[in-house]
Amino acid sequence: MLDIRLLREDPEAIKARVKTRGGDAWELIDEILVCDEKRRSGETEKQQLQADRNRISKEIGALKRDGKDSSEIEAQVRQIGERIKEIGEEVDAAETRQQDLLLQVPNMPHLECPVGEDETANPTIREWGKQSDFSFKPKDHVEIGADLGLFDFELAAKISGSGFVTFTGAGAKLQRALIQFLLNLHTTEHGYKEVSPPFIINRDCMFGTGQLPKFEDDMYGLEEGAMFLAPTAEVPVTNLYREELLQDPAFPIKTTAYTPCFRREAGSAGRESRGMIRMHQFDKVELVNIVHPEKSYEQLETLTQEAEKVLQLLGLHYRTIELCTGDVGFSSAKTYDIEVWAPGHGGYLEVSSCSNFEDYQARRMKLRFKDEDGKNRFCHTLNGSGTALPRLYVAFIETHQQEDGSILIPEPLQPYMGTDRIPG
RNA sequence: GGAGGGGUGGCAGAGUGGUCGAAUGCGUCGGUCUUGAAAACCGAAGUGCCGCAAGGUACCGUGGGUUCGAAUCCCACCCCCUCUACCA
């Protein structure tokens, strides 16, 4: 949520920045300011009346104690009460409307964020490794999975539907090994605290991280929308800190979690949908940082490197791109995507999205800290996938496949797999 | 799921219609004393909103209601604890 004070100060500048995202959310800003004005003037009047009422009520108390008649001023204060109620309703209506609108306005992209309309304008920041040479034609992950019996889509369709996968045998073990590897890397090398949160999340939290009100259709709702299946661990993990006023925080607060993620992916059928590249349920290890506002951009670089480390250790070629204004997510001010090379697929796959939300989420969820001067300020929040499993899995088996059909397990993963090769 | 108990400031814990934003204790911070520290004593200290400010206003789990006036009475809901049932 944007700071209403900034909006009051310089609405045109903020409109211009929101506008760089495309879309028409910036058009809401004028009405927000009208509501704000209405709310504030009503509030002032209401509070004056309340002060009157409090004063007179005290007089009534005093009269009654003395055994005197107070019926006259009681009638007077009753009238004030009615007026307070009327104005109160107006103020509430303006406030509710203002809040509704404000929740629909996305974050402002960072000033240095490259301006552009869509993903074609995203600059590549760096690359690591290179596209591997094969002395044979590399198979894609669907084929490898079928050949080695690693996973089965039909088996998943039988019990759920399309867009799900069942891992089997060594394939299931590889999935488990990757999760273990990721969590251990982040907890032991990168200083993260591990949590394992619930996957069913209440509605308030969905507002906190910015999934609601705009993206309800992307999620699986339960109990008529009162609860949702977590679309990403970002939601439960960041919301662990909602409505907190951190007294003496040891910034950066770094939390990691493995969770399954549930997404309806409504309307994206057919897009990059072969195999397990886009699923209704997938596993992910998430990295969440809560930081001092002045350190968040520095921390974004660290966070991104922590995610990249995963791919380096697993010997997977990737590139890191910066999202332009038209492509950056709703709540984010700046985002790096990490895309891993999948030789069988013949393209790059997004395995991680590392974002600085600045105080956008913190303001929504009232996450604050007491700063060096004793002032209460909103924290900055960041998160990044560290990493998403299915695409990591895809790149992994496609990159490490051998001509004989086996898959070589790179050394860092061997302790978790208990072998250096999945036989062909 | 059923029965009972409970949700008050950083924590503990009083308060059952009007000088209660809230006693008291612990903890925290500042000061006095001390070579220094401890102890003792004195003092400070919640959050949001409105206001240039002075100040005002709201907040005692959440939302409604009664009343001139609600932490206190009524209703609904949420959460926690104990017992019980069921169950991985």
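In the text below, chain A, chain B and the rest are named by the order of the sequence lines, each starting its count at 1.
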Take atom [atom1] of [X] and atom [atom2] of [N], then tell me their distance rounded to the nearest Å.
{"X": "A/Glu95", "N": "B/rA58", "atom1": "CD", "atom2": "C1'", "result": "11 Å"}
{"X": "A/Glu372", "N": "B/rC29", "atom1": "CD", "atom2": "P", "result": "17 Å"}
{"X": "A/Ile84", "N": "B/rA70", "atom1": "CD1", "atom2": "P", "result": "10 Å"}
{"X": "A/Leu49", "N": "B/rG69", "atom1": "CG", "atom2": "P", "result": "13 Å"}

Does [X] have its ring centroid less than 6.0 Å away from the ring centroid of [Y]?
{"X": "A/Phe153", "Y": "A/Phe164", "value": "no"}
{"X": "A/His380", "Y": "A/Tyr360", "value": "no"}
{"X": "A/Phe215", "Y": "A/Phe330", "value": "yes"}

**Stacked cation flag A/Lys19 on A/Trp26, 6.0 angstrom / 45 deg** =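 Geometry flag: set, cation within 6.0 Å and 45°.
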Under 4.0 Å from OP1 or OP2 of [N]: is there any side-chain N or O of [X] that close?
{"X": "A/Asn54", "N": "B/rU57", "value": "yes"}
{"X": "A/Lys85", "N": "B/rC68", "value": "no"}
{"X": "A/Arg40", "N": "B/rG51", "value": "yes"}
{"X": "A/Arg53", "N": "B/rC68", "value": "no"}
{"X": "A/Arg39", "N": "B/rC49", "value": "no"}

If the [atom1] atom of [N] is compared with that of [M], how far apart are they to the nearest Å?
{"N": "B/rA54", "M": "B/rG6", "atom1": "C1'", "answer": "43 Å"}
{"N": "B/rC80", "M": "B/rC26", "atom1": "C1'", "answer": "23 Å"}
{"N": "B/rC79", "M": "B/rC74", "atom1": "P", "answer": "22 Å"}
{"N": "B/rU62", "M": "B/rC11", "atom1": "P", "answer": "15 Å"}
{"N": "B/rU57", "M": "B/rA71", "atom1": "P", "answer": "14 Å"}
{"N": "B/rG15", "M": "B/rG9", "atom1": "C1'", "answer": "14 Å"}
{"N": "B/rG51", "M": "B/rG63", "atom1": "P", "answer": "23 Å"}
{"N": "B/rA70", "M": "B/rA53", "atom1": "P", "answer": "29 Å"}

**Nucleotide nearest A/Gln50 (side chain, heavy atoms from C-beta), chosen from B/rC50, B/rA58, B/rG48** =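 It is B/rA58.
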[N] pairs with which nucleotide, Watson-Crick or G-U wobble, both distances below 3.5 Å?
{"N": "B/rA3", "result": "B/rU82"}
{"N": "B/rA14", "result": "none"}
{"N": "B/rU62", "result": "B/rA76"}
{"N": "B/rG43", "result": "B/rC29"}

Tell me what [X] touches on the nucleic acid: a base, only sugar-phosphate, or nothing, going by heavy atoms under 4.0 Å.
{"X": "A/Lys64", "result": "base"}
{"X": "A/Arg5", "result": "sugar-phosphate"}
{"X": "A/Lys370", "result": "sugar-phosphate"}
{"X": "A/Gln247", "result": "nothing"}
{"X": "A/Arg55", "result": "nothing"}

**Request:** Answer yes or no: does atom NZ of A/Lys15 have more than 12 heavy-atom neighbours from other residues, nucleotides or ligands under 6.0 Å?
**Result:**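 Correct, the count exceeds 12.
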**Message:** Looking at A/Gln47 and B/rG56, is any side-chain donor or acceptor paired with a base atom of the opposite kind under 3.5 Å?
**Reply:**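 Checked by distance alone, the answer is yes.
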**Request:** Start with the C-alpha distance between A/Ser70 and A/Lys64, add both sets of side-chain angles, then the distance that settles side chain to side chain contact (heavy atoms under 4.5 Å, CB included), and finish with yes or no.
**Result:** CA-CA 7 Å; A/Ser70 60; A/Lys64 293 214 161 161; 3.5 Å; yes
**Message:** Please tell me whether A/Glu322 and A/His110 have a donor and an acceptor in their side chains that are separated by less than 3.5 angstrom.
**Reply:**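 No, because no side-chain N or O of A/Glu322 sits under 3.5 Å from a partner of the opposite role on A/His110.
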